[in-house]
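A short worksheet on the structure shown next.
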Amino acid sequence: MAELVLPGGDLEKLYTAVLFGADAVYLGGKEFSLRAYAANFDPGTMAEGVSWLHKNNKKAYITVNILAHNQDFARLPAYLEKLQELKVDALIISDLGVFRSARKYAPAIPITVSTQANVCNYEAAALYEELGARRVVLARELSLDEIAHICYKTQLEVEVFIHGAMCSSYSGRCMLSSFMTGRSANQGECAYPCRYRYRVMEEQRPGQWFSVTEDERGTYIFNSRDLCLLDNIPDLLAAGVKALKVEGRMKSPLYVACTAKVYRDALDCLKLEGIEEFINRKDLWQQELDRIASRPYTSGFISGQDTYMQDLKNSPPMSRTDFCGTVTAFNQEQKILYIRQRSPFGLNDDLELFTPSALLPITISELYDETGTPIEYARHPLQTVRIPYPFPVPEYSVLRRRAAFV
Ligand code: SF4
């Protein structure tokens, strides 16, 4: 069965990913990793996260996937040596210079070729195989047939993205952010200008019309929908894909929990109960995915046709569920849940606890601050509040506001 790989933007998300079903977590240091605006890991938290993953028999994959410039190689060797000391399970690399340095300074650590390297064909996979890579994360711009053909032709393990935000360029190879904001996507600093509103004017080409849908606010012609390949998992496994990956190191713990749980359940169902039960349960999983913050979903390039890829109406992801907080502890004697609050909630609110094994409705009839003083609302982000609750709930379970399915 394929490995399920989840994003770990910080320690909380790393723990959440594993609690809800990840087999492996990918994470980045403060340097050399795309997603410079995720919290990321300093040497201390990196060591803590990797050690915790290993204790729990999970894998730690470290992103070192910037397109490096000369000056990056002054500090890179020491960083790679440190990662080798930590015995991380793979380095995710796109740049050939970084690849070469990794072979030299961390030869014991397997290399995964990042999606940022845009491997779209079996010849490129063969070259990376010759160079000593163990796995390749294919470009997201491939059809199922192309993925299957590459799996057939290569000895590399093949990993594909099944969920998350997309680029309107080839997997991040894009100058838009650098040009418009001075923040380079290829250095992990993308400002997402593809999500801005645009108006297109072409004065010099009379008679050549661009098809643009717009409303009174403009148009979002570059704004890609989010990928969701839940339906395609059986075909991807049959094609020989060895790992399924969820995008989103900058997304919330709620996103990590929901995607991990849905895809874990889907994979386990296929393994233990078979394709018929997978088909029976697919709509319920899709409803769960529909509740997390996302742009409208697309199956991307998987069918090999031009699917409807852009969201022309909106820019930010739509959130259908409030992330009220994270369970940090349960006091068995006092039957008290401790919640680190993220968005406001208060007395009489009907909420739900999203745990790895069950969805538990909860009405807030009593609420206390960290000192035990009764309060009516939890309003301060990251404040710890207490709620009486009769049963233990695992740490890193999520408190969320119930929302109608959409
Ligand atoms: S601006 Fe958009 S297309 Fe370009 S790298 Fe960023 S997310 Fe991708």
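For ligands, and for the atoms within them, numbers begin at 1 and follow the listed sequence.
Residue A185 approaches ligand 1 through these ligand atoms, each under 4.0 Å from one of its heavy atoms: 5 (S). In summary, the atoms of ligand 1 found under 4.0 Å from a heavy atom of P193, numbered by their order in the structure, are 1 (S). For ligand 1 and Y192, the ligand atoms under 4.0 Å from any heavy atom of the residue are 7 (S). Heavy-atom contacts of C190 reach the following atoms of ligand 1: 1 (S), 5 (S), 6 (Fe), 7 (S) (cutoff under 4.0 Å).
Not one N or O on the side chain of D265 forms a donor-acceptor pair closer than 3.5 Å with the backbone of V262.
The environment of F73 atom CZ is dense: over 12 non-hydrogen atoms of other residues, nucleotides or ligands sit within 6.0 angstrom.
With no hydrogens or angles considered, no side-chain donor-acceptor pair links E159 and Y61 at under 3.5 Å.
Atom 8 (Fe) of ligand 1 does not have C194 among its coordinating residues (no N/O/S atom, backbone or side chain, under 2.8 Å).
In C167, the parts holding a heavy atom less than 4.0 Å from any atom of ligand 1 are both the side chain and the backbone.
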Q: Take D23 and K59, measure what salt bridge (Lys or Arg N to Asp or Glu O under 4.0 Å) needs, and give me the verdict at the end.
A: CA-CA 7 Å; D23 299 307; K59 301 270 176 58; over 6 Å; no

Q) So E273 and R281, salt bridge (Lys or Arg N to Asp or Glu O under 4.0 Å) or not? Walk me through it. A) CA-CA 11 Å; E273 295 164 87; R281 293 171 61 188; 3.4 Å; yes

